[in-house]
Number of protein chains: 2
Amino acid sequence: MATIADVARHAGVSISTVSYVLSGKRAISAETDARVRRSIRELGYRPHAGARSLAGSRTNVLALVVPLRSDMNLPVLMRFVTTIVLSAREHDHDVLLLTQDEGVDGLLRVAESAMADAFIVMDVEADDPRPAVLTGLAQPSVLIGVPDDPSGLPCVDLDFAAAGAACLEHLAGLGHRCVGFLGPPEQVYLRGTSFARRTLEGFRGAADAHGVRTAEEPCTPTFGGVRAALAALRERRPGLSAVVVHNEDALPVLQEVLHAEGAGVPGDLSLVAIGPDESAEGLPVPMTVVAMPAEQIAKDAVRTVMRRLDGAEDHTVRLLPPQLQLRASTAPPPNAP
Amino acid sequence: MATIADVARHAGVSISTVSYVLSGKRAISAETDARVRRSIRELGYRPHAGARSLAGSRTNVLALVVPLRSDMNLPVLMRFVTTIVLSAREHDHDVLLLTQDEGVDGLLRVAESAMADAFIVMDVEADDPRPAVLTGLAQPSVLIGVPDDPSGLPCVDLDFAAAGAACLEHLAGLGHRCVGFLGPPEQVYLRGTSFARRTLEGFRGAADAHGVRTAEEPCTPTFGGVRAALAALRERRPGLSAVVVHNEDALPVLQEVLHAEGAGVPGDLSLVAIGPDESAEGLPVPMTVVAMPAEQIAKDAVRTVMRRLDGAEDHTVRLLPPQLQLRASTAPPPNAP
DNA sequence: GTGAAAGCGCTAACAC
DNA sequence: GTGTTAGCGCTTTCAC
């Protein structure tokens, strides 16, 4: 492999000139620049990443911690990862893939051996131990998700509270006065998953504000689980005319259960979902949904971390506003005027 | 961060001694070894990855090229990636994630800037341009999948020809004399996906050997597509009593179509699938299947590449034998004695 | 069994 | 606008 010295010799300039042509950190005359670039091309020169990192303390590598827990929604995870890799490349960075279950040790290993310039940590939960460790590192980091204590780290996520509120407001606007909430399985709440709680809070707040009566049930995404949860909602609220579903796996089952009992969607019951768009679009009744803006979050995370590498301070918790995607599953309640 | 010099000073030894304690490349007295290790621990020393790579020309990074094409089966892809990351860690390597669509340029970039010690390239297709490039690199590589011309690179994959044959042989053993084959959509064949062709060849060979009559149809995984393909098979082979399905997306639809027309599985029609186990197990009628041994292939790929880093030669095309998983979807034909 | 020192290929002062 | 050079933190001869 050609080295920077080879290029310098070939172009008849000094090593530093080649370096500066590459970094753009000082002014170079047009002809020198051209000559150097030509030599670089002709020799097929590429800077040695290790040497660069040693001398410049920049690796041009971004560490990405992904959850390999299989209860994560795979298409969404894929969109996150893909977008992060592509965005990183736009900033001339490559992506080192770390798994959730290396936990804090993995972060320390990569950080202290200077393998990456920055960290993006996905799927951060309420009581996650990693934010506290991340703040102690030499490298900046961004969280996707919002822990109880972000420790001053920038966070990016969908504004789940606003999403819950948006769903209710859409239904209230259609005239619904009595709305159910079908959440994730109980364990998700017990695990302290912050987005589940935030969604519910937003839903409740909006219901209070609009004088809408509600009932909430966690839900296992099986036929039995869905039937039981639905029955519980109806028992508590006999006038139930709409349900907000924050449980992508329950959606197809719910539609089937309703179809089987002859309840029309949205004729007899309106449905709004919060979750991946993929899970909402292809159903027998295409769902009105607040979709997970994975690409937007991913880009934002990369941008944030890159800005911090350029020295910008950032302790923002950035919650992206929900976008309600209107489809066929919502309509005014059956007894509407 | 502590450097190797700090450790040496703290332990009262030379820098090279510390280095050799770490690498184990020369004999160290027990007490020196202990003293050095103690210092390492107390100072929280970690070797600087860049310095190491510069001096030792070893990065301890494995580059993994994954297809982000969404027509790939995500759960299977996930299992590949997860297993590769975990296996790499067992060999003290981290994983740099490259995407398919950076193509040859991505390989050259990472290889020539010495960012990785080796490459694993997933989802290699028949006429893939990358093998030819990979052979020219300083780093060894392994392919997952088998191109027409592996260029001498080691390949690991499921033996799809044997898988096709195994399915037919299982059915022939049950007494079926007339077996259909439902393949992936036509485009997959046109794209030159080698595993699709290999499966079909294995299926045909076994059918010839057992004197079983066959019919083959590509299949779009929609209701219309499945109905049409099934009708075509039956028209060509009125005595059809079993179908081999190499199209995971068509499976649920196929079961539904058969159920709707009152055809029992396996009573009226036996089904065998080739594809991810996830797609075969949870169906109304759990499928007899040749599953994709993702973990096994992934481990094999990492092991192969690590061996090559230790200097071993390897130009093997390693095709893992299919494992037929017996479930409820196969039985002797209806008119069996 | 251990130490001294010459690089590895770059970046970024510090010259001019 | 360009060149010289001192490191960056390791690995690995070479020497004893």
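Each chain gets a letter, A, B and so on, in the order its sequence line appears, and its residues count up from 1. Remember, predicted model here, so these are calculated numbers, not experimental data.
- Across all strands shown, B:Thr32 has heavy atoms under 4.0 Å from sugar-phosphate atoms exclusively, and none from any base.
- The distance from atom CD1 of B:Ile4 to atom P of C:dA4 is 14 Å, rounded to the nearest whole Å.
- B:Arg26 has no side-chain polar atom (N or O) that falls below the 4.0 Å cut-off from OP1 or OP2 of C:dT2.
- B:Ser29 comes within 4.0 angstrom of sugar-phosphate atoms only, judged by non-hydrogen atoms across all strands, and of no base.
- Residue A:Leu54 places its side chain closer to D:dC8 than to any other of D:dT11, D:dC8, C:dC10.
- Between B:Thr17 and C:dT2, a side-chain N or O to OP1/OP2 separation shorter than 4.0 Å is absent.
- Put simply, A:Thr3 has no side-chain N or O that comes within less than 4.0 Å of OP1 or OP2 on C:dG9.
- Side-chain nitrogen and oxygen atoms of B:Tyr20 include none within less than 4.0 Å of the OP1 or OP2 phosphate oxygen of D:dC10.
- The phosphate of D:dT11 (OP1 or OP2) has no side-chain N or O of B:Lys25 nearer than 4.0 angstrom.
- Protein atom CE of B:Met115 is 16 Å distant from nucleotide atom C1' of C:dG9, rounded to whole Å.
- The NE2-P distance, from B:His48 to C:dT11, rounds to 13 Å in whole Å.
- As a whole-Å value, the separation of B:Arg52 CZ from C:dC10 P is 21 Å.
- Judged by closest nucleotide on DNA chain D, A:Ala27 is the one of B:Met1 and A:Ala27 placed further toward the 5' end.
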Item to complete: Could you check B:Thr17 against B:Ser14 for side chain to side chain donor-acceptor pair (under 3.5 Å), going step by step and ending with a plain yes or no?
Response: CA-CA 5 Å; B:Thr17 297; B:Ser14 73; 3.2 Å; yes
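- Residue A:Arg58 is classed as having no contact, given no heavy-atom separation below 4.0 Å to the nucleic acid.
- We find that CD of B:Glu112 is positioned 15 Å from P of C:dG9, with the value rounded to whole Å.
- Contact annotation for A:Ser16: base contact, defined as any heavy-atom pair under 4.0 Å involving a base atom.
- In this structure, B:Ile15 places its CD1 atom 10 Å from C1' of C:dG3, rounding to the nearest Å.
- Counting any heavy atom pair closer than 4.0 Å across all strands shown, B:Ser19 reaches a base atom.
- Between B:Ile28 atom CD1 and D:dT12 atom P the separation is 14 Å, expressed in whole Å.
- Remark: A:Glu278 engages A:Arg79 in a salt bridge, criterion side-chain N to carboxylate O under 4.0 Å.
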